[in-house]
**Student:** 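Would you mind keeping the following structure in view while I ask a few things?
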Amino acid sequence: MRAKRCLRTWLGLLLGLTVTVLGSLTPSALARTTGPAPPVPPGSPGSPGSSGARSPGPPAVADPTVPAVARAWPLGVRPSVVRGWEPPATAYGRGHRGVDLAAAPGTPVRAVAPGRVSFTGPVAGRGVVSVELTGTGTPPLRTTYGPVRAAVEKGAEVAAGEVVGIVEPGTSHCPTSCLHWGLLRGKTYLDPLSLLPPWLLSRGPSRLLPVAGVKP
């Protein structure tokens with residue numbers, strides 16, 4: 001019994017002495033005793049310039065500048081947008097590479113800006129007309145329209161507002177009949193609505209003005 005009390009007394013004295021010695025050490029001396037702290041990875045909480053949030057990934061590549069060269073909607077008047085532009089996260093990811101405009105079968109489809117017809121024919125079972133837009137750089141901007149029965153041939157020069165085809169029925173792309181309008185530069189998909197100047201994007205119905213030499 002006496003031995004146990006002696007042991008507890010010695011342990012108490014040893015603990016008190018340890019606390020006293022550690023409390024008298026300066027921060028620099030303590031650092032030398034415990035060794036340097038491990039390096040903090042850049043971008044992690046506590047690193048220089050970090051706000052505590054996770055470091056963001058690489059910045060997304062900005063889309064090339066799209067000039068507002070359109071002078072008409074593809075349907076002549078401002079339509080209802082059934083589905084808007086939904087850029088995919090990756091080149092092959094899910095998304096909506098264009099806009100869907102409400103349009104009944106047989107509705108005339110018009111070039112939104114001057115250009116040259118670069119393609120007419122079926123793509124994935126539906127008719128498509130593609131027009132390279134004049135004065136939009138290299139490679140030029142290219143608009144696509146589908147499902148469309150072409151009224152022009154490849155290589156034809158078209159004016160803004162000129163009819164390039166009519167909307168075809170019988171596709172499952174939209175819940176109701178629509179025109180899918182796309183825009184590309186090379187292989188990069190862009191938002192076709194960015195072609196429209198503010199006066200075409202403003203509220204209220206748009207009216208297609210006559211174009212000299214172009215039949216309505």
Side-chain angles (χ1 to χ4, degrees), residues 66-88 92 94-136 139-197 200-201 205-216:
V66 177
V69 296
R71 294 297 175 263
W73 283 89
L75 300 174
V77 295
R78 181 189 176 101
S80 297
V81 178
V82 178
R83 185 179 178 186
W85 163 250
E86 300 169 11
Y92 302 101
R94 295 175 61 87
H96 191 233
R97 296 165 172 83
V99 295
D100 294 337
L101 308 177
T107 302
V109 178
R110 302 173 184 271
V112 298
R116 182 183 64 85
V117 178
S118 58
F119 176 84
T120 63
V123 175
R126 62 177 184 169
V128 172
V129 173
S130 181
V131 178
E132 291 183 350
L133 304 184
T134 302
T136 55
L141 292 171
R142 186 169 78 255
T143 55
T144 61
Y145 311 94
V148 169
R149 185 168 76 244
V152 290
E153 296 182 351
K154 180 179 179 180
E157 298 289 335
V158 295
E162 185 172 348
V163 175
V164 296
I166 61 172
V167 176
E168 289 185 317
T171 67
S172 59
H173 183 77
C174 295
T176 58
S177 180
C178 74
L179 172 73
H180 180 79
W181 177 27
L183 176 66
L184 300 94
R185 188 186 292 279
K187 295 182 179 180
T188 302
Y189 286 88
L190 304 166
D191 183 1
L193 293 179
S194 58
L195 286 171
L196 299 171
L200 273 176
L201 280 171
S206 300
R207 183 168 60 91
L208 180 65
L209 299 176
V211 179
V214 177
K215 296 181 179 180

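Along the sequence shown, residues carry numbers from 1.
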**Student:** Are the side chains of Asp191 and Val66 in touch, meaning some heavy atoms are under 4.5 Å apart?
**Tutor:** no

**Student:** Which atom pair, heavy atoms only, marks the closest approach of Pro67 to Leu141?
**Tutor:** CD-CD1, 3.7 Å

**Student:** Atom CG in Leu201, atom CZ in Arg78: separation rounded to 0.5 Å?
**Tutor:**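 Going from CG on Leu201 over to CZ on Arg78, the span is 6.5 Å.
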
**Student:** Could you go through the side chain to side chain contact (heavy atoms under 4.5 Å, CB included) check for His180 and Arg126 one step at a time?
**Tutor:** CA-CA 11 Å; His180 180 79; Arg126 62 177 184 169; 3.8 Å; yes

**Student:** Between atom CZ of Arg110 and atom CG of Leu75, what is the distance when rounded to the nearest 0.5 Å?
**Tutor:** 9.5 Å

**Student:** Quick check for you: to the nearest 0.5 Å, what is the distance between Asp100 atom CG and Ser80 atom OG?
**Tutor:**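 Result: 12.5 Å between the selected atoms.
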
**Student:** Between Leu101 and Val82, does the side chain to side chain contact (heavy atoms under 4.5 Å, CB included) criterion hold? Intermediate values first, please.
**Tutor:** CA-CA 6 Å; Leu101 308 177; Val82 178; over 6 Å; no

**Student:** Could you grab the distance from atom CG of Leu183 to atom CG of Leu190, nearest 0.5 Å is fine?
**Tutor:**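 So the CG of Leu183 and the CG of Leu190 are separated by 5.0 Å.
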
**Student:** Tell me, please, which residues at least two apart from Ser194 pass side-chain hydrogen bond (donor to acceptor under 3.5 Å, both in side chains).
**Tutor:**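 Expected list: none.
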
**Student:** Using side-chain hydrogen bond (donor to acceptor under 3.5 Å, both in side chains) as the criterion, list what pairs up with Glu157, not counting sequence neighbours.
**Tutor:**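 Glu157: no side-chain hydrogen bond (donor to acceptor under 3.5 Å, both in side chains) contacts found.
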
**Student:** Donor-acceptor pair, Arg185 side chain versus Pro139 backbone, under 3.5 Å?
**Tutor:**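 Indeed, once roles are kept as given, a pair shorter than 3.5 Å links the two residues.
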
**Student:** When you compare the side chain of Trp73 with that of Leu196, does any pair of heavy atoms fall below 4.5 Å?
**Tutor:** yes

**Student:** Side chain to side chain contact (heavy atoms under 4.5 Å, CB included) between Leu195 and Val69: does it pass, once the steps are laid out?
**Tutor:** CA-CA 6 Å; Leu195 286 171; Val69 296; 3.9 Å; yes

**Student:** For residues Pro108 and Ile166, report the shortest heavy-atom separation together with the two atoms involved.
**Tutor:**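 Of all heavy-atom pairs spanning Pro108 and Ile166, the closest is CA-CG2, 4.2 Å.
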
**Student:** Ignoring hydrogens, what is the shortest heavy-atom contact between Ala160 and Val112? Give both atom names and the distance.
**Tutor:**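 Shortest heavy-atom separation between Ala160 and Val112 comes out as CB-O, 4.0 Å.
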
**Student:** Restricting to non-hydrogen atoms, name the atom on Val164 and the atom on Val129 that form the minimum distance, rounded to 0.1 Å.
**Tutor:**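 That would be O-CG2, 4.0 Å.
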
**Student:** How close do Leu200 and Arg71 get, counting heavy atoms only, and between which atoms?
**Tutor:**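 Between these two residues, the closest heavy atoms are CD1-C, 3.8 Å.
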
**Student:** Name all residues meeting the salt bridge (Lys or Arg N to Asp or Glu O under 4.0 Å) criterion together with Arg142; count only those two or more places apart in sequence or in a different chain, and write none if there are none.
**Tutor:** none

**Student:** For Trp181 and Leu193, run side chain to side chain contact (heavy atoms under 4.5 Å, CB included): C-alpha distance rounded to whole Å, both residues' side-chain angles, the deciding distance at 0.1 Å, then the answer.
**Tutor:** CA-CA 9 Å; Trp181 177 27; Leu193 293 179; 3.9 Å; yes

**Student:** Test Thr144 against Ser130 for side chain to side chain donor-acceptor pair (under 3.5 Å), laying out the working first.
**Tutor:** CA-CA 4 Å; Thr144 61; Ser130 181; over 6 Å; no

**Student:** Which heavy-atom pair separates Leu179 from Ala103 by the least distance, and what is that distance?
**Tutor:**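 That would be N-CB, 4.2 Å.
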
**Student:** Looking at CD of Glu168 and CZ of Arg149, how far apart are the two atoms once the value is rounded to the nearest 0.5 Å?
**Tutor:** 6.0 Å

